[in-house]
Amino acid sequence: MNKEPIVIAIDGTSASGKSTNARLVARALGFVYVDTGAMYRTLAWHCLEAGVNVDDPRAVAALCRRWQTTLACVDRQVRLLVDGYYPEKEIRTARTSEAVPRVASVPKVREWMKKLQRSCLQFGSLVMEGRDIGSNIFPETGFKFYLDAALAERSKRRASEGVEENLAARDQRDSQRAAAPLMIPLGALVINNSALTAEQTSGAILAEIRRRLAEA
Ligand code: DC
């Protein structure tokens, strides 16, 4: 493959299979996997731990400025560390989930995240999943995908993970925020995977990547 690092951008609605498919695609290509939702979750957790009010955009932005962040690449996955610690379990609690959209809607936070997320190229070619990867973080990449599935199917998937969540409300909040909202990036292949398995979805993504690489 190319010598220049390649970025595969996978965006989409909540519970549309972004993480599962991004992992499968990264493994198949031998690329590094980046879960940007986990990065926002880590920031939210850090704010809560540091006693920073997540509803105060200035205070959250100030914490970002002060924070001596470190990115680590472990088992081909990027982690954002807090004083050398990766809060793997803590970022999945209801308390953190509730705080994330508040910090993720702060424009200064998104600027700060953009630098950090682009710096992941230091680890090599990437499969990066999130809400604004193709539209805002790596708009120049030729490999953009947008996943979606019917709301009933997505709610069923979340429920099977033991999580009851109002996905429609979350998607609406992600789509309507002023800073880097969730949208279908220009040039993205849209895949509705309501009736597809993860193997079929990731297979379609891989086939398209190979087609575009052959064309390039
Ligand atoms: O994908 P997730 O559920 O772990 O994302 C957590 C939150 O972060 C969710 O509210 C959307 C937000 N997010 C974002 O605004 N931009 C991203 N690139 C990734 C996640």
Side-chain angles (χ1 to χ4, degrees), residues 9-24 33-49 51-57 59-61 63-64 80 87-110 112-114 117 128-137 144-185 188 190-198 200-202 205:
I10 302 185
D11 293 299
T13 49
S14 303
S16 59
K18 294 186 299 295
S19 300
T20 305
N21 289 293
R23 281 175 201 275
L24 288 170
Y33 166 64
V34 189
D35 175 355
T36 60
M39 295 171 84
Y40 282 99
R41 286 170 178 276
T42 300
L43 169 63
W45 178 76
H46 185 29
C47 287
L48 294 172
E49 288 300 292
V52 166
N53 179 359
V54 291
D55 289 316
D56 180 348
V60 175
L63 175 137
C64 289
L80 178 57
E88 192 169 6
K89 294 222 162 56
E90 295 88 330
I91 61 174
R92 304 287 163 194
T93 63
R95 178 172 169 255
T96 307
S97 296
E98 212 258 327
V100 201
R102 297 155 195 267
V103 301
S105 64
V106 177
K108 288 272 182 232
V109 164
R110 301 209 73 95
W112 180 85
M113 276 289 183
K114 181 168 180 173
Q117 289 168 4
M128 184 176 279
E129 57 131 322
R131 305 293 193 288
D132 64 338
I133 311 308
S135 59
N136 179 45
I137 306 299
K144 300 181 189 181
F145 297 88
Y146 185 92
L147 301 188
D148 201 0
L151 181 60
E153 173 61 24
R154 294 189 289 118
S155 301
K156 205 165 78 187
R157 290 177 190 168
R158 271 290 188 267
S160 74
E161 292 164 2
V163 182
E164 294 294 338
E165 201 186 351
N166 187 338
L167 293 178
R170 185 131 90 96
D171 292 339
Q172 192 177 24
R173 212 168 39 213
D174 284 338
S175 307
Q176 291 184 346
R177 69 169 169 243
L182 170 67
M183 62 168 82
I184 300 176
V190 179
I191 301 176
N192 185 313
N193 59 27
S194 299
L196 300 181
T197 63
Q200 288 170 326
T201 304
S202 61
I205 295 173

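What you see below is based on every heavy atom in this structure, not just the backbone, and it leaves out hydrogens, waters and symmetry mates. Each residue takes its place number in the sequence, starting with 1.
- Judged purely by distance below 3.5 Å, without hydrogens or angles, the side chains of Ser194 and Arg154 never pair a donor atom with an acceptor atom.
- Residues Ala22 and Ile10 come closest through the heavy atom pair CA-CD1, 3.9 Å.
- In this structure, Leu182 CG and Asp11 CG are separated by 7.0 Å, a value rounded to the nearest 0.5 Å.
- Nearest heavy atom pair, residue Asn136 against residue Ala180, reads ND2-CB, 3.7 Å.
- Between Val106 and Trp112 there is no side-chain heavy-atom pair separated by less than 4.5 Å.
- Formation of a donor-acceptor pair under 3.5 Å by the Arg110 side chain with backbone atoms of Ser105 is not found in this model.
- Between Arg102 and Glu98 a salt bridge is recorded (basic side-chain N to carboxylate O distance below 4.0 Å).
- Taking 4.5 Å as the limit, every side-chain heavy atom of Lys18 sits out of range of all side-chain heavy atoms of Phe145.
- Across all their heavy atoms, Arg41 and Ser97 have their closest contact at NH1-OG, 3.1 Å.
- Two residues are said to be in side-chain contact when any heavy atoms from C-beta on lie closer than 4.5 Å; Leu43 and Met39 fail this criterion.
- Contact detail for Ala179 and Pro107: the closest heavy-atom pair is CB-CA, 4.0 Å.
- The line from CE of Met113 to OG1 of Thr36 is 8.0 Å long, rounded to the nearest 0.5 Å.
- Residues Ile205 and Leu147 have side chains in contact (heavy-atom distance under 4.5 Å, counting atoms from C-beta outward).
- Taking 4.5 Å as the limit, every side-chain heavy atom of Leu151 sits out of range of all side-chain heavy atoms of Thr13.
- Closest heavy-atom contact between Asn192 and Ala149: OD1-CA, 3.7 Å.
- The salt bridge (Lys or Arg N to Asp or Glu O under 4.0 Å) search around Lys114 returns none, not counting sequence neighbours.
- Atoms CH2 and NZ, from Trp45 and Lys89 in turn, are 13.0 Å apart once rounded to the nearest 0.5 Å.
- Atom CG of Leu63 is separated from atom CG of Asn53 by 12.0 Å, given to the nearest 0.5 angstrom.
- Within the 4.5 Å cutoff, the side chain of Arg92 has no heavy atoms near those of the Glu161 side chain.
- Counting only distance, with no hydrogens or angles, the side chain of Lys144 and the backbone of Gly134 share a donor-acceptor pair below 3.5 Å.
- The side-chain heavy atoms of Ser19 and Tyr33, taken from C-beta on, include a pair separated by under 4.5 Å.
- Side-chain contact between Ile133 and Gln117 is present, with at least one heavy-atom pair separated by less than 4.5 Å.
- When each of Thr42, Ile91, Val34 is paired with Leu80, the side-chain contact (heavy atoms from CB on, under 4.5 Å) condition holds for Thr42 and for no other.
- Across all their heavy atoms, Thr96 and Ala44 have their closest contact at CG2-CB, 4.2 Å.
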Check: Could you go step by step and tell me if Arg170 and Asn166 meet the side chain to side chain contact (heavy atoms under 4.5 Å, CB included) rule?
Finding: CA-CA 6 Å; Arg170 185 131 90 96; Asn166 187 338; over 6 Å; no
